[in-house]
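I have placed the structure first, in the form of structure tokens, so that the comments after it can refer back to it.
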Amino acid sequence: MNSPVDPQCFLNLNWDGLIDPALNSIGEISSFHSLYTSNLPTNGNIPLTQALIHTSCFDQVCNGSGFVERTTRFPSFDCQNYNGFCDNIGLMGLPGSESFLNLADKGQIKPQPTVSDNGFGSTVSDPSASVGTSKKRKSAPKGKGKDNSKEGDEGKNATTKRCKATDQTHLADNNVKPKVECAETTKEDSDKKSDKKDDAKSKAAEPPKDYIHVRARRGQATDSHSLAERVRREKISQRMKLLQDLVPGCNKVTGKAVMLDEIINYVQSLQRQVEFLSMKLATVNPQVDFKAINLLAKDVHSDCNPMFDSVFPLETSGAAFSFMNRSFGTSNTGMGTHMSKNHHSLNGINDIVQQANFWETDLQTAVQVETSSSQSFHAGQMQELHMKDEL
Amino acid sequence: MNRKNPLPNSNPNSPNSSMQALHFLQALARIARAAPKPAHSARTRQIRHAAYASMAHSSRSSRRTWSRALLHRLRQWQQQRPGRLLTVRRRVRIVTPITSRPEEPARAETLRQLVPGGRGMEYCNLLEETADYVQCLRAQVQLMQTLLDAFSS
């Protein structure tokens, strides 16, 4: 038959791009190939066998992933096109085709049937074993167009089988069958792919649930949405409990709305306090020697990182010592966790204080005021020292 | 001009409040060392910025969203200072804020405005950030109170 498209070149066009997945399934290819070659009709020419091999490979190739995209790229694979093509060829005019068609229409073709007319009958059912839709095969090939338009799997499989039937009839003419095989396999593979996709989707739905590790409690909805909602609610309640512990006076309050109000009030009050204290510090700061601040900073830092001792000069003063004593003694809540460390540092800077005695004369008046306060401080009165800056 | 250069956090294992105190004290020292004594309001602002900066640089909160947002805000404030023109730049938000979620209570919007960086967060994360922010704020307030007491004695 004169086909408008040479099957071989047609195949080669498309097969080169698809050869890679075929390499994975060489075993199946060989089995297919045996099926094909064992039942070669007398008309089978070398090009036919080659085409068959190609198609068998194609079948495996079609099973590979990504084939669907490729099929979309090659519209000629579509069975619909083939139907028009078949009609053009004059499918029905072939001898023996009708008989074969009838044979195909009669119920399902078993994977290894004894088809007298054509050994390819076995091959017909093989790829289509996944779905049994032979019942729909009774319509004429011209009706393939209708079936191809169906979106259901059955429709697709029916058309694929019919394509195979007609394809086998064409095998005698050895031109169109490869295309049909390809067409039918495309349909099947798209079906298989859709099935696989469904499975993949269902499987994909599970990992998110496993990831969150939520178990639906008894009597509660197991919907993924409600599960996520429940997780979220639990997280929020957890955080609210945390906040309740942080914000003083929230223990008696119950309910999220009132709690939120309390939290907001507390945050606002803290921010206002920072502002107020910074204003006060700005007033006090110019009168305080920054050397004392340096010492304080150094001492604080010596708890954390002894390497930083060299950063700040050792301008010590008894005042600084008193600063530290006082500050670390009174700020229990703020630095409570490392009070012990402060004690260590206090012991550690005793020698520093001794050095400071040498430098006392260099200190400014504000520091000397603190020094005097520190002496009384050593007496053990930590709380009542409010020496005013008279100097 | 007084600039608060944050110290690199070389010791990640240090207690949070001591790091905070350290940063604050260093900033205060820098402020005190500034040769031209600025006006009272300017010093107030400087100290306030120093407080927030030391909060943001404490080891516990350096990974938090609010600390980053706070630092960003601080930089904006600092940049505005030299010009002395407090241009209130309205940040054009391209993304509509997630503030009108039905699951959130009505007061969540206020909380978002209070906590730095709260506008872009979900409610769940907002609560977590609020907890951390409250902790740091409290530590800062106590630190400043202590310093004030020490300095004024």
Side-chain angles (χ1 to χ4, degrees), chain A residues 232 235-236 239-240 242-243 246-247 256-257 260-261 263-264 266-268 270-271 273-275 277-291 293-294 296-297 300-301 303-305 307-308 322-324 326-328 330-331 333-335 337-338 341 369-370 373 385-387 389, chain B residues 10-11 13-19 21-22 24-26 28-33 37 40-52 103 105-108 110-111 114-115 123-124 126-128 130-131 133-135 137-153:
Chain A
R232 197 168 168 273
K235 268 207 272 188
I236 289 179
R239 308 242 162 103
M240 290 295 277
L242 250 179
L243 278 169
L246 275 179
V247 177
K256 279 198 269 187
L260 255 188
D261 284 346
I263 291 165
I264 288 168
Y266 190 58
V267 169
Q268 278 172 342
L270 281 178
Q271 282 175 344
Q273 260 183 315
V274 167
E275 283 255 4
L277 284 173
S278 68
M279 199 172 59
K280 278 199 138 183
L281 271 175
T283 318
V284 170
N285 211 6
Q287 302 162 8
V288 180
D289 186 19
F290 69 91
K291 294 174 188 172
I293 302 174
N294 263 347
L296 259 176
V300 169
H301 208 58
D303 296 340
C304 326
N305 196 353
M307 290 185 342
F308 270 70
S322 74
F323 277 2
M324 233 184 33
R326 193 185 173 80
S327 59
F328 291 144
T330 52
S331 65
T333 50
M335 311 185 189
T337 55
H338 49 282
K341 284 190 185 175
V369 168
E370 263 76 46
S373 71
L385 288 174
H386 289 288
M387 294 288 294
D389 193 8
Chain B
S10 53
N11 192 353
N13 300 326
S14 61
N16 304 318
S17 15
S18 70
M19 282 307 292
L22 176 66
F24 188 59
L25 286 169
Q26 286 167 349
L28 272 187
R30 261 182 247 117
I31 293 172
R33 216 183 300 140
K37 296 288 182 184
H40 180 70
S41 57
R43 291 183 76 90
T44 310
R45 191 176 50 227
Q46 285 171 7
I47 293 178
R48 196 180 75 228
H49 289 193
Y52 282 125
E103 304 120 20
R107 299 286 269 162
T110 326
L111 194 58
L114 281 178
V115 176
Y123 187 60
C124 200
L126 178 68
L127 290 180
E128 201 176 336
T130 309
Y133 185 59
V134 160
Q135 265 184 317
L137 256 185
R138 216 158 59 165
Q140 183 67 37
V141 164
Q142 281 163 359
L143 169 69
M144 288 171 81
Q145 191 79 51
T146 313
L147 277 176
L148 204 59
D149 292 342
F151 287 158
S152 63
S153 65

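Numbered from 1 within each chain, the chains take letters A, B, ... in sequence-line order. No experiment lies behind these values; they were computed from the predicted model shown. The figures here come from the full heavy-atom set of this structure, side chains too, leaving out hydrogens, waters and symmetry mates.
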A/L246 portion near chain B, given a 4.5 angstrom heavy-atom threshold: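 Its backbone and side chain both get close to chain B.
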Rounded distance (nearest 0.5 Å) linking atom CG of B/L148 with atom CG of B/L143: 11.0 Å
Any A/Q271 side-chain heavy atom under 4.5 Å of A/E275 side chain: no
Non-hydrogen atoms of B/V134 and A/L270 that approach each other most closely: O-CD1, 4.0 Å
Any donor-acceptor N/O pair, B/R48 side chain to A/V274 backbone, under 3.5 Å: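 No, because the side chain of B/R48 does not come within donor-acceptor range (under 3.5 Å) of the backbone of A/V274.
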Pick from A/V247, A/L281, A/I263, A/I236 with the largest number of heavy-atom pairs that fall under 4.5 Å of chain B: A/L281
Top contributor to chain A contacts, counting heavy-atom pairs under 4.5 Å, from B/L111, B/L137, B/L114: B/L114
Between B/E128, B/Q145, B/Q135, B/Q140, the one whose heavy-atom pairs under 4.5 Å with chain A are most numerous: B/E128
